[in-house]
Amino acid sequence: MLASSARAIRDDVAAGRVSAVEVCRAYLDRMEAVNGSLNAFNLIDPDRALAQAAGVDRRRAAGEPPGALAGVPVALKDNLCVRGMRTTASSRILERFVPPYDATVVQRIERAGGVIVGKTNCDEFAMGSSNENSAFGPVRTPWAPDRAPGGSSGGSAAAVAAGGVPLSLGSDTGGSIRQPAAFCGVVGLKPTYGRVSRYGLLAFASSLDQIGPITRTAADAALALGVLAGADPADATSSRQPVPDFSAALTGEMSGLRVGVPRAFVAEGVDDGVKRAFDEALDTLRRGGATLVDIELPHAKYAIPVYYLVATAEASSNLARYDGVRYGYRSSRHAEQGLRAMYSRTRDEGFGAEVKRRIMLGTYVLSAGYYDAYYLKAQQVRTLLRRDYEQAFERVDVVATPTSPVPPFRLGEKVADPLQMYLTDVFTVSQPLAGLPAVSIPCGFVGRPERLPVGLQLTGRMFDESTLLRVADAYERMTDWHAATPPLWS
Ligand code: GLN
């Protein structure tokens, strides 16, 4: 059962071949068994999960329609609010925060019969590429005990890769769904900006953040996106674009598809093994009937600086609300020194080093005198980046790159050098800046004796997740990378 897809579980539960409670028990056991070595979960809530699963079984017995995710165990990144369930963003400052409301995605999952099992570890406030910026310790990729699972949704990706859940949710601001999916050998989809409501997502950078699924197959990503997507009155940036039947798009066909390859962009700084796996993946796409087209993204080389200006600016504003007054941690030291001292001590004690670095960077780029030179300039280049993609999509249907230029690196290897860490985001920051959807799928391994997973990233037109999922699914039918299981699995 643990190797099942979300789709298979849903079908079995809907047909009564297995109960949601049995499924839930099996996955809870698995989670407990793997979490000691992975540290993928900040919280597992067996009682709530089993009660929810029992509700699914009861409704089925009463003849109600089972729902698209009937009985499917789901783990949520710990920056998604669940009413009554501790939600920390892996930060000290929210260590004891219990939200009084559900995120829209939570409501949608539960309405579809999904069973929420707990909250996954992540980089603090989703800031990071390795999960090492968590107040609750790093996660490990199930493929190698001393290596990073990627970030910031590292726990969500590791949990799926290790068979702890068939589906988890992450958030992606500059790669946080796709890069951990690549580092853990699973599928990660960042939807188009506006496709999924952000209501109840603890904000990092509001013009970039999107919620999306992490799964083991493209078909499960399609199933999940169908549940998550759609307009929401509680999020003014959610889109009214019609939500297509993503599962129906999975025809297995890619003949006639034009795949753009930004050769100059992927030529530099990419690990040899990653490059080999990427070239092989392109070959597979060609064998499947796709045509490879050389394209240029002339401004892609500025994507990292643009992202780290825009994202930090928005973060400095969003994180101003954590001041110890209404909710979250409050410092009690030297209370007699007054309000200002309370604010600064609360923030000093509550935030970790990377979050503080970003608040300072963002405050600086927004400050009078520097605003035009940094923030405004970054917004202008952001427009140029979007145009690069618009031009490319006149000639191609999807753009292919590696997800990450490097395979999973060692814990501790990059954390002391923020710039090195930021540079690993080179292929995943331009899509959120342009609002575009992108998916990472497993496309091979590098290294020996360890096998370290490599991800292929496909970027699509606005609101064209269907094409991404169709290509990802067709690619899966031609390969078996997605079926490989990490050593921890058995
Ligand atoms: N790694 C990027 C960062 O550190 C992206 C994070 C994200 O997508 N949330 O900002």
Side-chain angles (χ1 to χ4, degrees), residues 76-80 89-91 120-134 138-139 148-157 168-184 188-191 193 196 198 201-214 303-316 318-319 351-362 365 378 382 403-406 408-409 413-415 417-440 455 457 459:
L76 304 174
K77 186 176 182 176
D78 203 12
N79 59 358
L80 290 163
S90 290
S91 181
T120 55
N121 200 343
C122 56
D123 284 299
E124 184 176 3
F125 285 103
M127 297 175 188
S129 314
S130 69
N131 222 297
E132 290 165 291
N133 301 331
S134 165
V139 180
S152 63
S153 315
S156 288
S168 65
L169 297 195
S171 66
D172 190 311
T173 307
S176 276
I177 290 174
R178 294 160 285 152
Q179 186 255 21
F183 276 24
C184 291
L189 173 70
K190 184 203 91 73
Y193 186 78
V196 176
R198 292 179 294 114
L201 167 68
L202 301 179
F204 164 9
S206 306
S207 78
L208 303 164
D209 298 343
Q210 257 309 276
I211 300 166
I214 297 178
I304 296 259
V306 170
Y307 170 81
Y308 277 95
L309 291 166
V310 173
T312 56
E314 293 185 21
S316 71
N318 272 326
L319 271 58
F351 289 134
E354 180 62 24
V355 171
K356 286 177 187 159
R357 178 178 298 123
R358 298 205 186 192
I359 292 172
M360 288 190 281
L361 276 170
V365 307
R382 183 177 186 178
T403 307
S404 164
V406 292
F409 43 84
E413 189 179 319
K414 294 186 194 290
V415 77
D417 186 346
L419 188 58
Q420 282 309 311
M421 189 73 92
Y422 296 173
L423 288 172
T424 64
D425 296 336
V426 60
F427 296 131
T428 51
V429 292
S430 61
Q431 298 83 358
L433 286 167
L436 300 169
V439 67
S440 177
Q457 175 174 245
T459 302

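Each ligand, and each atom within it, is numbered from 1 in the order the structure gives. These values consider heavy atoms only, across backbone and side chains, with no hydrogens, waters or symmetry-generated copies. Numbering starts at 1 and runs along the sequence shown. What you are looking at is a predicted structure, and each value in this text was computed from that prediction instead of being measured.
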Stepwise ring-ring contact (aromatic ring centres under 6.0 Å, His included) check, Phe409 with Phe183: CA-CA 9 Å; Phe409 43 84; Phe183 276 24; 5.6 Å; yes
Backbone N/O of Ala313 and side chain of Ser316: donor-acceptor pair under 3.5 Å: yes
Does some side-chain heavy atom of [Y] sit less than 4.5 Å from a side-chain heavy atom of [X]?
X: Phe204; Y: Glu314; value: no
X: Ile214; Y: Arg178; value: no
X: Phe125; Y: Asn133; value: no

Contact residues of ligand 1, where a non-hydrogen atom lies under 4.0 Å away: Ala126, Met127, Gly128, Ser129, Ser152, Asp172, Thr173, Gly174, Gly175, Ser176, Phe204, Tyr307, Tyr308, Arg358, Asp425
Residues in side-chain hydrogen bond (donor to acceptor under 3.5 Å, both in side chains) contact with Ser171, at least two apart in sequence or another chain: Lys77, Asn79
